[in-house]
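These figures come from a predicted structure and were not determined experimentally. When a ligand or atom number is given, it counts from 1 through the structure's own listing order.
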Amino acid sequence: MNKLKGIKVIATGRALPKECLANSDMEKLVETSDEWIYERTGIRQRYRCVKGEENTNTLAVNAAKDALLKSGIDKNEIGVVVVATSSVEHVFPSTAAMVQKELELDEKVFCFDLSAACTGFIYGLTVARGLLSDSSKPYALVVGSEQLSRLIDYTDRNTCILFGDGAGAAIIKLDDGDFYHVEYTRGNDEALYIGGIGGGERYLQMNGREVFKFAVKALAQVIEELLDAAHKTIEDIDCVICHQANERIIRSVMRKYAGSEHKFYMNIENYGNTSAASIPIVMSELDDKNNLKNKTCLMAGFGAGLTYGGILASI
Ligand SMILES: CC(C)(COP(=O)(O)OP(=O)(O)OC[C@H]1O[C@@H](n2cnc3c(N)ncnc32)[C@H](O)[C@@H]1OP(=O)(O)O)[C@@H](O)C(=O)NCCC(=O)NCCS
């Protein structure tokens, strides 16, 4: 892995729907309990879009507006908009085109959606970094936005308790700091699956145990590979941002890094699994606490596909 031009995070933002479902609300929908959900997943609550008012587009726009407001940049200097999502509101136009419209961005902007399930934001940051190298404008806006609630069967206790809606956004520019990335895809359509316009199961299908095992191995592999590539150890890293799918998955991985457990940020308790939005929501929370910019971060994600990957960067 060669050392590449890095990225600087200028600003971050996030957006959550109005409706918050606590585990006690899930108990009214399916046979489950707060105790079961919290012990097996670490989740206490998740957000869900209000039908007819909120969706993947509105969340993406609100998270992007939040980041833009905090950035202080001229919005016409944004040359790339990537929205990572698996829950598009329209087949077309893309979510990214709707972000361009609502933010009233200049027409000269490379806007598109990216589908890599829960690894989408990681893929998106790397793709945006690559496109910036070739852009006449200095900034890229990368968003992860999901309304998975529309693709979940709220009578299936195996899946409905896990997922939530939300969006996160980051505005980046090129910089000289460290940047290493890895991506993988296994071509698997069995462990995690949602049908689409071609038919198939309308609601999310999942083999929870298989995904759990895959996730623990994938995260561990990505973290080790990135540390090796950068000739660093976990001691050199300020924060580890893993996709928030299950607290037990993250805890299994961080066991290997005794003494550095505090670097593994977790907020799944409040949001559940927000798929492509989970990593940028963590980023925006860290940023609010002044713990993101100018830090060396290791991000790692996994999801349907089976996709997985990560980034080690001084941002
Ligand atoms: C889904 C998951 C929480 C299930 O936890 P688990 O410890 O593996 O639980 P199991 O699948 O072994 O199920 C144990 C029992 O709990 C039951 N159960 C499942 N969901 C339940 C719920 N919400 N409430 C109560 N019981 C539930 C099962 O039916 C099963 O009962 P049985 O033994 O009578 O068949 C866990 O496998 C997981 O998080 N996997 C990864 C999923 C993921 O991250 N997906 C997204 C990836 S991006």
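If you look at Phe112 and Phe110, their ring centroids are closer than 6.0 Å. For Tyr308 and Phe214, the gap between ring centers is short of 6.0 Å.
Proximity of atom 34 (O) of ligand 1 to the protein is not indicated, since no non-hydrogen protein atom lies closer than 4.0 angstrom. Taking a distance limit of 4.0 Å, we find that atom 17 (C) of ligand 1 is approached by some protein heavy atom.
A salt bridge (Lys or Arg N to Asp or Glu O under 4.0 Å) with Asp287 is found for exactly one of Arg14, Lys70, Lys293, namely Lys293.
Distances from atom 10 (P) of ligand 1 to the heavy atoms of Arg209, Gln244, Arg157, Glu210 put Arg209 nearest. Among Arg40, Glu39, His243, Glu247, the residue whose heavy atom lies nearest to atom 7 (O) of ligand 1 is Arg40. The heavy atom nearest to atom 44 (O) of ligand 1, out of those in Ala215, Ala276, Ala245, is found in Ala245. With atom 27 (C) of ligand 1 as the reference point, the heavy atom nearest to it among Phe302, Tyr308, Trp36 is part of Trp36.
For the pair Arg46 and Phe163, the cation-pi criterion (under 6.0 Å, within 45° of the ring axis) is not fulfilled.
Closest protein heavy atom to atom 42 (C) of ligand 1: Met206 SD, 3.6 Å. Nearest to atom 40 (N) of ligand 1 among the protein's heavy atoms is Gly208 O, 2.9 Å. Nearest protein neighbour of atom 19 (C) of ligand 1, counting heavy atoms only, is Asn158 OD1, 3.1 Å. Of the protein's non-hydrogen atoms, the one nearest atom 48 (S) of ligand 1 is Cys118 SG, 3.3 Å. Of the protein's non-hydrogen atoms, Val211 CG1, 3.7 Å is the one closest to atom 43 (C) of ligand 1. Among protein heavy atoms, the minimum distance from atom 39 (O) of ligand 1 is reached at Asn246 ND2, 2.7 Å. When hydrogens are left out, the protein atom nearest atom 24 (N) of ligand 1 is Thr32 OG1, 2.7 Å; that is the closest non-hydrogen contact.
For the pair His243 and Asn273, the minimum side-chain heavy-atom distance is below 4.5 Å. Contact annotation: the side chain of Leu68 approaches that of Ile73 to within less than 4.5 Å [non-hydrogen atoms, C-beta and beyond]. Using a 4.5 Å heavy-atom threshold, the side chains of Glu224 and Leu227 count as touching. Thr307 has its side chain within reach of Tyr123: a pair of non-hydrogen atoms, C-beta onward, lies under 4.5 Å apart.
In terms of polar-atom proximity, defined here as any N/O pair under 3.5 Å, Arg248 does make such a contact with ligand 1. Between Thr41 and ligand 1, a contact under 3.5 Å exists for no N or O pair.
Interface atoms of ligand 1 facing Glu31, defined by a heavy-atom separation under 4.0 Å, are 24 (N), 25 (C). Near Ile161, meaning under 4.0 Å from one of its heavy atoms, ligand 1 places the atoms 23 (N).
Side chain of Asn188 to backbone of Ala191: a donor-acceptor contact under 3.5 angstrom is found. With hydrogens and angles disregarded, no donor-acceptor distance shorter than 3.5 Å links the side chain of Gln45 to the backbone of Tyr271.
More than 12 non-hydrogen atoms from other residues, nucleotides or ligands lie less than 6.0 angstrom from NZ of Lys75.
Counting heavy atoms under 4.0 Å from ligand 1, residue Asn273 touches it through the side chain alone.
By the 4.0 Å N-to-carboxylate-O rule, Lys137 lies too far from Asp74 to be salt-bridged with it.
Heavy-atom separations between Met26 and ligand 1 are all 4.0 Å or longer.
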